[in-house]
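First listed ligand is number 1; within each ligand, the first listed atom is number 1. It should be emphasised that the depicted structure is a prediction, and the values quoted were computed from it without experimental measurement. Index from 1, following the sequence.
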Amino acid sequence: TRRLVIAVDGPAAAGKGTLAKRLAAALDLPYLDTGLLYRATGRRMIDAGLDPEHAPAETFAATVGLEDLRRTDLRVPEVDRAASLVAAQPAVRRALVDLQRRFAGVHGAVLDGRDIGTVIFPDASVKLFITASPRTRAERRWEQLATDPGVPDREEQISRVEREIVARDAADSSRSVAPLRVAPDAVRIETDSLSADEVLAEALRIVARMT
Ligand code: C5P
């Protein structure tokens, strides 16, 4: 059978991970969350007491391996920011290209991120671009994180998450290297009014049509 590489790109908290993981399971392919590579690099800079915006982030990136992605402290706000800062550095991105390309091996893979369809796998079999409004994304992210859905300052908390998401999208879209862009041949899925099941069903239809 033919090698199947599926690129799932989009802005922060759009549901790329949820979709990519389920798509990989449905198609029996390995799955890589490439955001974790930048998160692991940012995490190491923080742990070493270094400014994520500067060298030697690339030397940390060069030694990031799949085992580092299992760390449980990669999805915290300070690492969100550190990941975005290390990800803007060309040398960091270069250091992580081979690992991502090798991951697809001979059989293929599903990868999610920002530049999978534009830079890492410009020849991907299928490119999906997953979006939703900032408000929808903030609500979903807040619901994932919330310990008490009945808190009185729910609105304030969601607004704060939304501001963080919008700031990270702006940084990821405006950087000069591998900015967040819709590849010309990507298929967009707007998920505001779709459930996770509906997004998966739509993605599977697109994959069936294009492969
Ligand atoms: O996807 P996630 O939100 O975990 O990614 C964290 C950060 O890593 C993003 O804000 C972005 O700056 C960076 N990233 C990237 N390219 C990718 C995946 C993530 O620049 N392919």
Side-chain angles (χ1 to χ4, degrees), residues 5-24 30-46 51-54 57-58 60-62 64 66 68-104 109-122 124 127-132 134 136-138 140-142 144-145 161-183 186 191:
V5 175
I6 301 186
V8 180
D9 290 305
K16 304 184 296 291
T18 304
L19 170 65
K21 204 177 299 162
R22 298 181 69 186
L23 204 48
Y31 161 57
L32 181 62
D33 173 351
T34 66
L36 290 179
L37 302 170
Y38 301 93
R39 288 176 180 276
T41 305
R43 178 80 255 174
R44 286 195 187 176
M45 291 289 282
I46 293 171
D51 177 354
E53 217 161 339
H54 298 291
E58 70 278 8
F60 284 67
V64 162
L66 296 180
D68 295 290
L69 311 188
R70 287 197 291 265
R71 286 183 66 156
T72 54
D73 53 0
L74 299 180
R75 293 189 193 282
V76 294
E78 63 171 343
V79 177
D80 293 349
R81 287 185 292 274
S84 195
L85 291 171
V86 300
Q89 300 166 48
V92 167
R93 306 199 71 88
R94 273 199 300 277
L96 293 168
V97 169
D98 283 350
L99 186 159
Q100 295 174 78
R101 293 196 177 141
R102 275 198 318 268
F103 184 84
V110 180
L111 299 94
D112 78 40
R114 302 291 185 291
D115 65 338
I116 307 305
T118 52
V119 174
I120 304 297
F121 288 104
K127 300 180 184 179
L128 302 172
F129 195 90
I130 311 303
T131 57
T136 304
R137 292 187 277 131
R140 289 180 188 157
R141 179 55 50 96
W142 182 82
Q144 276 175 355
L145 303 173
V161 175
E162 183 174 343
R163 282 194 300 276
E164 285 166 3
I165 284 176
V166 168
R168 197 143 61 89
D169 289 349
D172 292 343
S173 305
S174 64
R175 68 186 176 211
S176 50
V177 55
L180 173 63
R181 288 269 183 284
V182 188
T191 69

Exercise. Under 4.0 Å from ligand 1, counting heavy atoms only, is it the side chain of Ser84, its backbone, both or neither?
Worked result: both
Exercise. Is the shortest side-chain N to carboxylate O distance from Arg175 to Asp172 below 4.0 Å?
Worked result: yes
Problem set entry | Passing option when Leu128 is tested against Asp9, Leu19, Ile116, Asp112 for side-chain contact (heavy atoms from CB on, under 4.5 Å) | Leu19
For this session: Say whether Asp112, considering both its backbone and side-chain N or O atoms, lies within less than 3.5 Å of an N or O atom on ligand 1.
Result: no
Exercise. Taking 4.0 angstrom as the limit, do Asp169 and Arg137 come out as a salt bridge?
Worked result: yes
Exercise. Got a salt bridge between Arg93 and Asp115, using NZ or NE/NH1/NH2 to carboxylate O under 4.0 Å?
Worked result: yes
Seminar exercise, completed: Residues Thr41 and Ala57: closest non-hydrogen pair is CG2-O, 3.5 Å
Problem set entry | Arg39 versus Ser84, side-chain donor and acceptor atoms under 3.5 Å | no
Problem set entry | Part of Arg114 within contact of ligand 1 (heavy atoms, under 4.0 Å) | both
Problem set entry | Minimum-distance protein heavy atom relative to atom 11 (C) of ligand 1 | Asp172 OD2, 3.3 Å
Seminar exercise, completed: Correct closest heavy-atom pair for Val119 and Arg101 would be O-NH2, 3.0 Å
Problem set entry | Any N or O of Arg93 closer than 3.5 Å to N or O of ligand 1 | yes
Problem set entry | Protein contact to atom 18 (C) of ligand 1 [nearest heavy atom, distance to 0.1 Å] | Thr34 OG1, 3.4 Å
Exercise. With respect to atom 6 (C) of ligand 1, which of Arg175, Arg168, Lys16 exhibits the smallest heavy-atom separation?
Worked result: Arg168
Exercise. Hey, is ligand 1 close enough to Asp80 that some N/O pair sits below 3.5 Å?
Worked result: no
Exercise. At a 4.0 Å threshold, what atoms of ligand 1 neighbour a non-hydrogen atom of Gly113?
Worked result: 17 (C), 18 (C), 21 (N)
Exercise. What are the two closest heavy atoms between Ala12 and Arg168, and how far apart are they?
Worked result: CB-NH2, 3.5 Å
For this session: Starting at CZ of Arg71, measure out to CZ of Arg44 and round the result to the nearest 0.5 Å.
Result: 8.0 Å
Problem set entry | Protein contact of atom 8 (O) of ligand 1 - nearest heavy atom, named by residue and atom, plus distance | Tyr38 CB, 3.6 Å
Exercise. What is the nearest protein non-hydrogen atom to atom 4 (O) of ligand 1, stated with its residue, atom name and distance?
Worked result: Arg39 NE, 2.6 Å
Exercise. Tell me: protein heavy atom nearest atom 13 (C) of ligand 1, and distance?
Worked result: Ala87 CB, 3.6 Å
Exercise. N/O of Asp115 under 3.5 Å from N/O of ligand 1, yes or no?
Worked result: yes
